[in-house]
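Working notes, beginning with the structure itself.
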Amino acid sequence: MIGRLTLLAALGAAVAAGQLQLFFREVPGSERPAGQALDFGSVPSGDVREIPLRIRNLGDASVTLRRFRIRPPGSPFALDGHPSIPHLVAPGWNVDFRVRFRPPGFGNWSAVLEINELSFLLVGHSPPTATLAVEDQGQFRPLPAGDTVVFGPIERAGRLSRKFRLMSPPEAAVTVTAISLDTGPFESSDLPRMPLTLGPGEAAEFTITFAPVRAGIHRSVFRVEERTFLLEGVAYDPPLPRPTILLEPETLGSARQARVRLTLPVAAPASGTGELAIEFQPSVQPAGEDGAILFVNTGRRSIPFTVREGEAAARFGGEEAAVLQTGTTAGTLVLVARLGAHTVRHTVQIPATPVVIDSAAGRRGARELEVEIRGFDNSRSAGELTFTFYDTQGRPLAGQPIRADVSEAFRRYFESTTVGGMFALTARFPVSGDPSLVGAVEVQFASAPGPSAKRRIPF
Amino acid sequence: MRVTFLWRPIGLLLAAAFSCIGQLDVPRIGYLAEPGGALRPLAGIGGNFLLGEPVAHEVRAAVFAGRFGLVHASDRLVLVGPSLEPLASLSGLSEQALLAVSSALPLGVAWLPERGELCRLGPYRDASPNCFPLSVDGAVRAAGVTSEESAVLAVERNRALWLMLVDLEKRRTVREMHLAGIAPPVALLGEDILFCLDGELVVRRADGSEIRSPSPVAAPEFEPVGRGWVSLRDAAGARWIVRVSEERLEVFCLAGGAL
């Protein structure tokens with residue numbers, strides 16, 4: 001196969017057309033007249049070399065390009081970016097194109113570029129070189145210089161190896177003097193020692209392994225003497241394990257601040273971020289809005305969290321637990337954790353309870369007694385309110401207890417607020433006698449879940 | 001929304017009872033000044049709090065107790081009522097001020113360390129604030145109001161904390177006592193002193209009795225936000241709120257943490 005020179009005898013005169021002239025395109029805005037022969041020089045087998053060219057109409061009349069081809073067909077020379085014919089070139093105008101030389105094997109190569117009546121000899125040489133091939137589905141596929149070999153995708157911290165082969169042509173021995181692999185996530189422990197002499201048809205195999213330590217697209221360069229080959233690997237983080245939601249305490253009631261932790265069954269193989277959210281479905285009417293159901297860390301019903309590689313618990317900012325408020329509405333509270341492909345739900349019932357008095361205070365005025373009660377009614381069913389007044393000796397006063405139906409007032413209040421079941425009730429009792437004789441009052445609410453605990457409030 | 005209602009009690013209270021007046025409202029605690037200068041209303045009960053949208057900005061410091069508050073905004077010091085209505089004010093106050101407000105009276109005091117003056121703000125007596133120089137040996141760490149005529153200052157001197165009782169009428173210190181076993185930071189809540197010791201929050205009463213609760217932070221910044229409620233903030237910005245009652249101290253988380 002050595003010396004495959006196709007010399008075409010019938011080269012036309014370079015300026016036979018008189019008006020068209022071929023130029024080399026060099027830097028932008030610069031051109032240099034081309035001769036009758038275009039020499040592509042020495043190009044290793046599998047490599048490509050291009051020459052940018054320009055055909056210009058130097059005459060005073062338009063020229064129609066009717067022939068624009070390379071002969072013989074199937075040669076290692078090819079046109080690129082050339083116009084479809086026929087193509088009209090106005091006086092002074094030009095057409096740019098490229099001729100590409102890609103020798104399929106070593107030897108001398110030639111062909112003819114024909115543009116209308118003009119003919120140019122294309123020549124090129126390919127020295128005997130080792131061909132690099134990569135194993136692909138059980139077969140070795142030759143690689144042209146500049147080609148990209150893709151590894152993966154694989155999980156980060158995984159390893160993926162591909163076999164490569166350096167082959168000499170069957171007709172010639174070659175000596176490879178240098179191969180190298182850039183540092184990075186691609187590595188090889190069995191690269192052939194240089195110089196490597198391969199007899200005709202001989203081959204040397206080696207392995208390149210993609211071993212990424214982080215997710216992403218990784219690139220490297222493998223060089224065989226002057227030729228370069230791109231290695232590209234894609235690595236992704238391994239999937240995160242399914243989290244578990246832990247509540248402290250496990251059972252909740254209204255007006256509680258609970259801690260929420262997210263744990264993983266194993267240490268996270270990668271870092272990631274997620275979100276924990278509260279969904280709430282009230283079980284009472286009128287439920288209204290309960291703006292106090294939230295994560296105190298964010299003041300919202302959602303909170304971001306992070307999972308660090310090697311840790312088996314999520315972090316909420318710098319904390320290992322988020323703090324949520326349960327609000328003051330009976331219903332179903334669902335915690336929803338989203339991490340990677342996982343969505344985990346944890347449901348907690350907030351049971352309806354009797355009215356809870358959180359704090360209370362009594363004040364004596366000159367002609368009245370004032371009682372302030374703060375608490376919550378998570379069932380929205382407060383009905384009767386009972387006051388029992390005591391004297392300073394702790395004895396019930398006459399005419400006790402005093403009962404009041406507060407259901408309508410509470411209904412209107414709950415319909416108008418966004419604070420859930422919280423309330424502050426102030427009751428003023430005008431007194432015609434001596435208020436200092438009253439020592440305390442005992443208060444009790446009645447609601448659908450039952451009577452509240454009695455609260456004795458001193459004056 | 002506030003709901004007012006009447007009911008006629010069944011039975012008699014004392015000699016006579018008439019229609020009683022009831023009022024339902026959001027359980028308001030007070031107001032909280034944020035580091036960015038926003039003043040936000042705080043409502044809630046133990047374990048269930050809501051911070052409202054800011055009602056004022058450029059607030060440098062604020063204290064609230066009961067129905068009254070003292071707000072240092074821009075260069076003004078304003079004593080406010082339950083609806084934040086101004087009751088008295090002092091202008092031209094561009095320096096730092098240590099604030100205190102009475103939980104029962106419309107009375108606030110401000111210690112101005114750069115001027116060495118104590119100012120009294122109230123809607124009564126005369127319209128102008130009542131500022132007077134006060135000789136203090138040490139650094140004032142906290143201020144409090146104990147009555148209509150008296151204020152207290154917690155003063156750090158020689159690594160010890162002293163409580164100075166100031167007669168606002170006589171405009172001078174009338175008593176000084178060593179606060180044994182107490183180190184700043186402290187908050188003066190009327191005659192009670194709130195401080196942190198050995199990982200515990202401690203309230204020391206005037207009679208020397210104490211109530212304690214584990215503290216979530218070693219050296220908190222105290223900010224009275226309502227009657228019996230004090231906000232705690234650590235250096236990272238995480239916040240808690242303490243309820244001080246006769247029987248106990250309760251600590252809760254408060255929105256606006258370090259996340």
Side-chain angles (χ1 to χ4, degrees), chain A residues 254-257 291-292 294-299 303-304 316-319 322-323 325-328 356 358-359 369 374-376 385 387 389 397-406 408-410 412-413 416-420 422-435 437-438, chain B residues 1-29 40-41 43-53 66 104 216 226-229 234 236-241 243 245-247 250-259:
Chain A
S254 286
R256 296 291 299 271
Q257 291 189 333
L294 46 76
F295 290 105
V296 297
N297 314 66
T298 58
I303 184 170
F316 301 88
E319 305 294 327
V323 178
Q325 286 187 166
T326 58
T328 47
V356 172
D358 179 65
S359 65
L369 296 169
R374 293 179 173 224
F376 66 86
L385 179 54
F387 295 93
F389 286 87
L397 296 175
Q400 304 300 305
I402 296 171
R403 292 192 174 88
D405 181 358
V406 292
E408 176 61 15
F410 268 88
R412 281 191 288 135
Y413 167 73
S416 65
T417 66
T418 59
V419 300
M422 290 194 294
F423 65 85
L425 186 145
T426 305
R428 293 189 183 90
F429 297 87
V431 176
S432 59
D434 181 1
L437 299 176
V438 184
Chain B
M1 178 187 162
R2 183 173 294 169
V3 173
T4 304
F5 55 98
L6 296 171
W7 78 82
R8 186 171 293 281
I10 305 164
L12 296 175
L13 171 65
L14 300 179
F18 306 100
S19 294
C20 299
I21 301 171
Q23 199 170 65
L24 276 169
D25 200 356
V26 172
R28 302 176 199 282
I29 291 175
R40 300 176 68 182
I45 57 176
N48 201 67
F49 303 95
L50 270 174
L51 269 172
E53 292 300 312
R227 183 172 191 150
W229 295 95
D234 70 5
R239 251 185 340 216
W240 296 265
I241 190 165
R243 174 158 62 181
S245 63
E246 288 295 321
E247 308 84 22
E250 296 166 279
V251 182
F252 305 97
C253 295
L254 196 56
L259 283 178

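Only heavy atoms go into these numbers, but all of them, side chains included; no hydrogens, no water, no symmetry mates. In what follows, chains carry the letters A, B, and so on, assigned in the order in which the sequence lines appear, proteins first and then strands, with residues in each chain numbered from 1. Note that this is a predicted model, so its numbers are computed, not measured.
- At least one donor-acceptor pair closer than 3.5 Å links the side chain of A:N297 to the backbone N or O of A:V323.
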Using side-chain contact (heavy atoms from CB on, under 4.5 Å), reason through A:L425 and A:F410 one step at a time and then give a plain yes or no. CA-CA 10 Å; A:L425 186 145; A:F410 268 88; 3.8 Å; yes
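- For A:S254, no part lies near chain B; criterion is any non-hydrogen pair under 4.5 Å.
- Remark: aromatic rings of A:F387 and A:F429 are close, center separation under 6.0 Å.
- Of the listed residues (B:A43, B:G44, B:S245), the greatest number of heavy-atom pairs within a distance under 4.5 Å of chain A belongs to B:G44.
- Without hydrogens or angle criteria, A:Q257 side chain to B:C253 main chain gives a donor-acceptor distance under 3.5 Å.
- For B:I45, the parts lying under 4.5 angstrom from a heavy atom of chain A are both the backbone and the side chain.
- Within the 4.5 angstrom heavy-atom criterion, atoms from both the backbone and the side chain of A:V419 approach chain B.
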